[in-house]
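To start, the structure under review is shown below, and the notes come after it.
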Amino acid sequence: MTITVAVTANPLMTTIEQLTPGGFEASHPGIKVKFVTYDENTEREDVEKDVATGAGQYDVVMIGPNDIASWAKNNWIVNLNSYTAADPSYDVSDLLPPIATALSSSGSLYAVPFYGESSFMMYNKAMFAAAHVTMPAHPTWAQIAALAAKLNDPSAGVAGICLRGLTGWGDNLASLDTVVNTMGGQWFNTSWDAELTSPAFENATTFYVNLVKNYGEKGAGNDSFNQCLTIMQQQKAAMWYDATVAASTLDASGSPVQGKIGFAPAPVDLTSSSGWLWSWALALESASKNKSAAWQFMSWATSKQYIAYDASKNGWAAVPPGTRTSTYHNPQYLAAASAFAPLTLQEIDSVNITQPGVAPQPVPGVQYVGIPEFEEFGALVSAQITAAIDGQETVAQALAKSQQIAQQAVIAAGYK
Amino acid sequence: MIDTPVAPPQAGTRPAAPLRNYESWIRRAPLVPALVFMFVVTQIPFLLTLWYSFQKYDLNYPTAPRDFPTIYNYKVVFDDPIFRAAVVNTVLFTAAPVILSLLFGLGIALLLNRHVFGRGFLRTLIISPFLVMPTAAALVWKFTILDTTFGLLNYFLRPFGVHNENWIGSFPQATIITFLTWEWTPFMVLLLLAGLQSQREDILEAARVDGAGAWRIFRSLTLPMLRPYLELGVLLGSIYIVQAFDGIYIITQGGPATLTTNLPYYIYQIAFQGFNIGQASAMAVIVVVATILIATVALRTISSLFSAEGMRGR
C-alpha cells in the first residue's frame, strides 16, 4: 500500500524524505511513502483544495496552527486523540505544551508537530565588538533601534538590521505582527472591530517601517527569511529578527558565520515576551483510505525514535527542533546546539497564543488572525505594508486601506 | 472563440464554388472530434463558472447555505476598489508591452533582415527569451538582475553613481512592463521578420533605381507591406499578454499595495488564497464578457483594415 504525503519545501523535509526508505519503509514492510513537495504557498493552496473537496489525493498533509480550528470544525482532518491514546510509546505528553496547544482544537489534537519555532534576535558578535556595543539580555525595540542606528554603515554596505518586507501574510506580517502585539496594538478587538488605524497599531507600523527604511537592508520590500539568511551569512547586516529555526543554518558546520552569531530573545515593548509561534505539523486527511498506515508514518516522523535516527545520520544539531521536551533534556543535543537551543525553548514556552498582545483578541494567533479568511485579506494587507516600506505610500495611507480591507473581510464572512 | 486571420488574403484567388450540403458535411466530419473536445474543455467549465458565480460558494464553509441564485457576488465585485484597480492595471500591462515589444521587434527585425555576419546565430540568440520558461525568467529578473544588494543592474551602474537602487520596489509597474516587453519582443521579431522576408527584392531595387532613399523605401514600401503583420502582432500580443500571471506572481506578488495586481492575479488571489469560488467565478465571468466585447470590436476594426489594405495594395 502507498500513502501520499504533502510537504513544504524546506531542508528538514528533504531530510525525512531521504531517511524514510531506510528508517520507515524498512521497519514497515507493505507501506510505501510517496512525498509530494511544494513551496510553502503552493502547498497550502493545493492541500486546502484537496481537503475542502474531499478528493483524498493525500493521506497525510503538512499544515500550520492557523488551519487547525476551521479544518477541525469542517471535519477535513481527523481527531488524533484515539490514535495517540492507543499508542503509549508515542508519548504524546512529551510534545512541547505550547506547540501541542496550538495544534489542538477544543482539547483534541488534530496534527502532530514535525518541527516548531518561535522568533528571536540574531546578531553578528564581531560587528558588535567593533562598534563597542553589547546586546542586552532582554532587548526592547527602542534599544534595538538605537543599536541599528549605531551599527548601520551604508558606506561598507552593512545594514543595521535585516527585517522582512516581502508581501505575504507569512512574510512581512509575521515579523510586523509581533511588533504590533508588544506595542499594544491588535488586528481586531473582541467584537471584531478592525483596529489597524488605532494609535498603537499605527505607532508600531511606523516604528517598523522607519526602522527598516532608515537602518534596514536596502530593497527590504523584496526580502523575507531566505534573503535575510543570505545577507546575514554574507555579513551584510549586523542584526536579524526572524524565526528561531534560522539558527540551525547560521550556526551549522560549514556556514560562513558559524560561531559568529549571538542570539537574544524577541525584543519587547509593553509585553514581557513577543516571539511568534509556528509549527509545520502532520495532519491526517478525513478522506484518506489508508488511515492506519498514514498514522504509522505520522507517528514515526514525529517520534523520539525519528529524532535519534536523524541524529545518527546527520548529527544532533540538525534534528527537527521545537517539538519534544525530551529533545531539550538530551545532553547530546544541548551540547551540539548550546548557542540557541535553550533560548529557542524559552521563546516557545513564553508564547501566549490566546492573548499575545496587551488586549484580549477574538481568536488565538500570534503572527496571524486565526480565521480562514486571513490568507486572503492578510495577503492584501501585507502588500500595503510593502508599499509603505518601498515608499509608494505613507504608513497612514497603507493602514487606512488595510483597515478597510480587514473590516470588510470579517463583515462579509459574517463574524461581525 | 476568436478566429484569427493567420495570413493576409491572397489576391487573385477566386472564391470556391459553393459545395452541396452533404459534401460540405463530409468535409467537416473529421473536425467533429476536435469540436467536441473544444466544447468539453472550454464550454463546460465556463458553464460551471457561470453557475458558481450565482452562489455564495466558499470552500472554507462547506455547510453554509449557497442561496442560489444570488447576484451577491456581482455586487461585491463591482463595489470592490481593488477589482477596479486591477482592470486599469490589466489595460496598462497589456497595452504598454504590446506597443513597446512591437517597436523593439520592428527595429530588431529590420536589423536581422540585413546581411550581417552570423545572422542565424544572432536570430537564435534574439529569440531565446521567448523560449525560456516565464517562471524561470522571472526568477532571473527578480534575483539576478534587479536585486538591490546582489543584482547585476546595480553592479554595472555603480560606476555611474547608482547605489543599491531598489528597482522593483521603486518602479514596480515599469518592472512588470519591462519584463513582459523583454519576453514578447522575440515573438514580434519572428512575426515581422517573416513579413520582411516576403518583401520582393526586385521591387526594392526598382525603387532604388528610381532614386528613393532608405527612409522613403521604408515609409512607402516596407511599412505598408508590413501592416498586416503589425496588426497581427497587436492582436496576438494582446490575447496572450492580457493573461500575464507568471511574472507578477514571482516578481511582485501584485504589490506593492495593488500597483501590479492585474485581473488574472486578483482572480487567483480570491480563488486560491480566499477560496471564495463564488466571487472568483463572478470576476471570471465579467472578464470573459468584457474580453469578448472588446475582442469583437477589435477584430472588426482589424479585419476592415485588412480588407482596405488588400484593395489598396493590389
Side-chain angles (χ1 to χ4, degrees), chain A residues 41-42 44-46 48-49 51-54 70-71 73-76 154 157 159 165-169 171 217-223 227 230-231 234 236 371-380 382-393 397-398 401 404-405 408-409 412-414, chain B residues 56-64 72-73 75-76 79-82 85 135 142-143 146-151 154 158 163-173 175 248-261 265-266 268-280:
Chain A
N41 290 323
T42 314
R44 282 202 182 103
E45 289 157 12
D46 204 58
E48 182 154 353
K49 252 185 299 179
V51 294
T53 54
S70 70
W71 291 25
K73 190 166 150 248
N74 291 339
N75 284 320
W76 288 347
L166 183 71
T167 297
W169 70 262
D171 295 303
E217 79 280 17
K218 298 287 170 248
N222 309 311
D223 293 347
Q227 291 73 32
T230 311
I231 288 171
Q234 305 290 325
K236 296 276 185 196
I371 54 174
E373 289 75 14
F374 182 68
E375 293 206 15
E376 183 197 334
F377 74 80
L380 296 173
S382 73
Q384 297 290 338
I385 300 301
T386 304
I389 290 172
D390 282 342
Q392 300 279 356
E393 292 179 349
Q397 287 169 332
K401 287 188 199 161
Q404 214 181 354
I405 292 167
Q408 195 54 46
Chain B
K56 288 185 180 173
Y57 181 13
D58 188 329
L59 279 182
N60 282 312
Y61 299 95
T63 53
Y72 172 80
N73 293 317
K75 258 197 216 147
V76 171
D79 283 346
D80 183 354
I82 300 179
T135 314
K142 178 171 188 178
F143 292 114
L146 296 175
D147 189 87
T148 315
T149 313
F150 304 110
N154 278 335
R158 202 153 295 155
H163 288 290
N164 289 341
E165 178 60 49
N166 176 11
W167 297 101
I168 297 173
S170 308
F171 310 101
Q173 295 186 322
T175 300
I248 291 170
Y249 178 82
I250 300 282
I251 299 176
T252 60
Q253 294 87 40
T258 50
L259 286 173
T260 60
T261 300
Y265 189 77
Y266 194 48
Y268 151 81
Q269 281 193 308
I270 300 293
F272 296 112
Q273 290 178 344
F275 289 96
N276 195 333
I277 304 299
Q279 198 181 321

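Remember, predicted model here, so these are calculated numbers, not experimental data. FYI, side chains are in, hydrogens and waters are out, and symmetry mates aren't considered; it's all heavy atoms of this structure.
Heavy atoms of A:Ile385 lying under 4.5 Å from chain B are absent altogether. Contact annotation for A:Leu166: only side-chain heavy atoms (C-beta onward) come within less than 4.5 Å of a heavy atom of chain B. For a residue to count as touching a neighbouring chain, one of its non-hydrogen atoms must lie under 4.5 Å from one of that chain's; by this rule A:Trp71 does not touch chain B. Heavy-atom distances place no part of A:Ser70 under 4.5 Å from chain B, backbone and side chain included. For a residue to count as touching a neighbouring chain, one of its non-hydrogen atoms must lie under 4.5 Å from one of that chain's; by this rule B:Lys56 does not touch chain A.
Across every non-hydrogen atom of B:Pro172 and A:Gln392, the tightest pair is CD-NE2, 3.1 Å. Pairing each heavy atom of B:Ala257 with each of A:Ala387, the nearest pair is N-CB, 3.4 Å. Across all non-hydrogen atoms, the minimal contact from B:Phe150 to A:Ile231 is CE1-CG1, 4.2 Å. Among all heavy-atom pairs drawn from B:Gly169 and A:Asp390, the shortest one is CA-OD2, 3.1 Å.
Remark: the B:Asn166 side chain and the A:Asn222 side chain contain an N/O donor-acceptor pair separated by less than 3.5 Å.
The side-chain contact (heavy atoms from CB on, under 4.5 Å) test applied to A:Gln227 returns A:Asp223, A:Ser224, B:Phe143, not counting sequence neighbours. For A:Glu45, there are no salt bridge (Lys or Arg N to Asp or Glu O under 4.0 Å) partners two or more places apart in sequence or in a different chain.
Ranked by heavy-atom pairs shorter than 4.5 Å toward chain A, the options B:Gln253, B:Glu165, B:Gln269 are led by B:Gln253. For chain A, the option among B:Phe275, B:Trp167, B:Tyr72 with the highest count of heavy-atom pairs below 4.5 Å is B:Phe275.
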